[in-house]
Amino acid sequence: MSNPVQKFFSHVFKGDIQGALQFVHENAVFEAQGPSDVPIYGRYNGHEGVIKFLSILSGLFDTEDFKCFEWSDSENYVFGYGYMQHRVKKTGKLFKSEWALVCKIENNLLISYKIFEDTAALQSAYKD
C-alpha cells in the first residue's frame, strides 16, 4: 500500500492538482531550500502555497525522469530517496540530481514537505 506522499506524487504526475491536494493538510508547509535566484526555492504555505509551488515547478522544468529508489515510513514521517532529471525551460540546460525528501504526516495528510537536492547544479542549469 502506498503512503500519502506516493499518492500525492501519483496525482501530480497525472496533472491532477486537485486530486493531489486531497493528501495535503490545509496548513501544510512545503520547503525547497536553495539560492534565492532560482524561483522554486522558498517556503510555501497551505493549499494555495502548494498550488504555487507546483505551478512554479511546471513553469521551470520539463521533467524527463523522476524516480524513487526507496520509501521509508517511521511513525509520523515518510522519507524518500531518488533521482530526477529536468530540462530547464529558460535555458534548455539539463538539471540532474539525486534527491531526498522528508515529510511529516498528520491524519494521513502531508503537513510538512522538505526536499533536498543538488542546489548548485540547478542554479548552474538555471543561469543563461
Side-chain angles (χ1 to χ4, degrees):
M1 184 159 160
S2 59
N3 63 54
V5 182
Q6 288 171 288
K7 291 174 184 174
F8 170 80
F9 278 141
S10 172
H11 285 276
V12 168
F13 288 126
K14 290 183 217 169
D16 179 12
I17 303 309
Q18 290 306 311
L21 290 175
Q22 295 177 73
F23 302 98
V24 178
H25 193 282
E26 64 184 14
N27 296 319
V29 176
F30 276 46
E31 291 181 79
Q33 297 178 4
S36 61
D37 61 336
V38 179
I40 194 57
Y41 294 130
R43 183 180 171 114
Y44 303 88
N45 298 307
H47 282 184
E48 286 184 22
V50 173
I51 292 168
K52 181 176 181 184
F53 176 77
L54 295 173
S55 174
I56 292 170
L57 277 177
S58 68
L60 187 62
F61 302 128
D62 284 320
T63 299
E64 297 182 355
D65 194 8
F66 187 93
K67 57 186 118 192
C68 186
F69 300 130
E70 190 70 39
W71 289 108
S72 178
D73 303 289
S74 174
E75 299 199 17
N76 294 335
Y77 287 89
V78 172
F79 304 91
Y81 166 71
Y83 171 81
M84 61 185 158
Q85 180 175 308
H86 303 294
R87 179 88 41 199
V88 177
K89 290 180 180 180
K90 174 183 163 190
T91 64
K93 295 178 184 175
L94 206 53
F95 164 54
K96 301 178 187 180
S97 179
E98 292 179 73
W99 56 265
L101 181 66
V102 178
C103 294
K104 185 173 184 181
I105 307 300
E106 184 177 293
N107 297 323
N108 214 32
L109 299 173
L110 283 83
I111 187 89
S112 173
Y113 172 106
K114 294 181 182 185
I115 190 160
F116 304 91
E117 60 195 21
D118 184 345
T119 57
L122 178 51
Q123 187 176 38
S124 177
Y126 185 72
K127 287 184 180 177
D128 289 320

Student: Given the rule that I, L, V, M, F, W and Y join up when any side-chain heavy atoms are under 4.5 Å apart, are Trp71 and Val12 in one cluster?
Tutor: yes
Student: Group every Ile, Leu, Val, Met, Phe, Trp and Tyr by side-chain heavy-atom contacts under 4.5 Å, then state whether Leu109 and Leu21 land in the same group.
Tutor: no
Student: According to a 4.5 Å side-chain heavy-atom criterion applied to Ile, Leu, Val, Met, Phe, Trp and Tyr, with indirect links allowed, do Leu94 and Trp99 form part of one hydrophobic cluster?
Tutor: no
Student: Suppose we call two aromatic rings close when their centres sit under 6.0 Å apart. Are Phe8 and Phe30 close by that rule?
Tutor: yes
Student: To check you understand the geometry: which heavy-atom pair defines the closest contact between Pro35 and Tyr41, and what is its length?
Tutor: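 Closest pair (atom of Pro35, atom of Tyr41, distance): O-CD1, 3.3 Å.
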Student: Can you measure from CD (Glu70) to CG (Leu101) and round to the nearest 0.5 angstrom?
Tutor: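 CG of Leu101 is found 13.0 Å from CD of Glu70.
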Student: I'd like to know if the side chain of His86 reaches the main chain of Val88, judged simply by a donor and an acceptor atom lying under 3.5 Å from each other, with no hydrogens or angles considered.
Tutor: no
Student: Rounded to the nearest 0.5 Å, what separation is found between the CG atom of Asn76 and the OG atom of Ser112?
Tutor: 11.5 Å
Student: Does the side chain of Ile40 reach to within under 4.5 Å of the side chain of Phe53, using non-hydrogen atoms?
Tutor: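 Yes, at least one pair of side-chain atoms sits under 4.5 Å.
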Student: For Asp62 versus Lys89, what's the shortest heavy-atom pair and its separation?
Tutor: OD1-CE, 3.1 Å
Student: Taking it one step at a time, do Val50 and Tyr113 satisfy side-chain contact (heavy atoms from CB on, under 4.5 Å)?
Tutor: CA-CA 10 Å; Val50 173; Tyr113 172 106; over 6 Å; no
Student: Is it true that Gln123 and Asp37 share a donor-acceptor pair across their side chains at a distance under 3.5 Å?
Tutor: yes
Student: At what distance, to the nearest 0.5 angstrom, does CZ of Phe95 lie from CZ of Phe61?
Tutor: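 Answer rounded to 0.5 Å: 5.5 Å.
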Student: Please give me the minimum heavy-atom distance between Gln33 and Glu31, naming the atom from each residue.
Tutor: NE2-OE1, 3.6 Å
Student: So, Ser2 side chain and Lys7 main chain: donor-acceptor pair closer than 3.5 Å or not?
Tutor: no
Student: Under 4.5 Å between side-chain heavy atoms, counting indirect links through other Ile/Leu/Val/Met/Phe/Trp/Tyr residues: same cluster for Val102 and Val29 or not?
Tutor: no
Student: Testing the basics here: between Leu110 and Ala28, what is the closest heavy-atom pair and its distance to 0.1 Å?
Tutor: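 So the two residues come closest at O-CB, 3.5 Å.
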Student: Rounded to the nearest 0.5 Å, how far apart are NZ of Lys93 and CG of Leu122?
Tutor: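 The CG atom of Leu122 is 11.0 Å from NZ of Lys93, to the nearest 0.5 Å.
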Student: What are the two closest heavy atoms between Phe23 and Pro4, and how far apart are they?
Tutor: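 Reported closest heavy-atom pair: CB-O, 3.8 Å.
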Student: Please round to the nearest 0.5 Å and tell me the distance separating atom NZ of Lys90 and atom CG of Asp128.
Tutor: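 So the NZ of Lys90 and the CG of Asp128 are separated by 4.5 Å.
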Student: Does the cation-pi check pass for Lys96 over Tyr83, that is, NZ or CZ under 6.0 Å from the six-membered ring centre and within 45° of its axis?
Tutor: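 Judged by the rule, Lys96 and Tyr83 form no cation-pi pair.
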Student: How far does CG of Leu54 sit from CD1 of Ile17, to the nearest 0.5 angstrom?
Tutor: 4.5 Å
Student: Could you report the tightest heavy-atom contact between Ile115 and Ala32, atom names first, then the distance?
Tutor: CG2-CB, 3.9 Å
Student: Following the transitive rule for hydrophobic clusters with a side-chain heavy-atom cut-off under 4.5 Å over Ile, Leu, Val, Met, Phe, Trp and Tyr, establish whether Val24 and Tyr77 coincide in one cluster.
Tutor: no
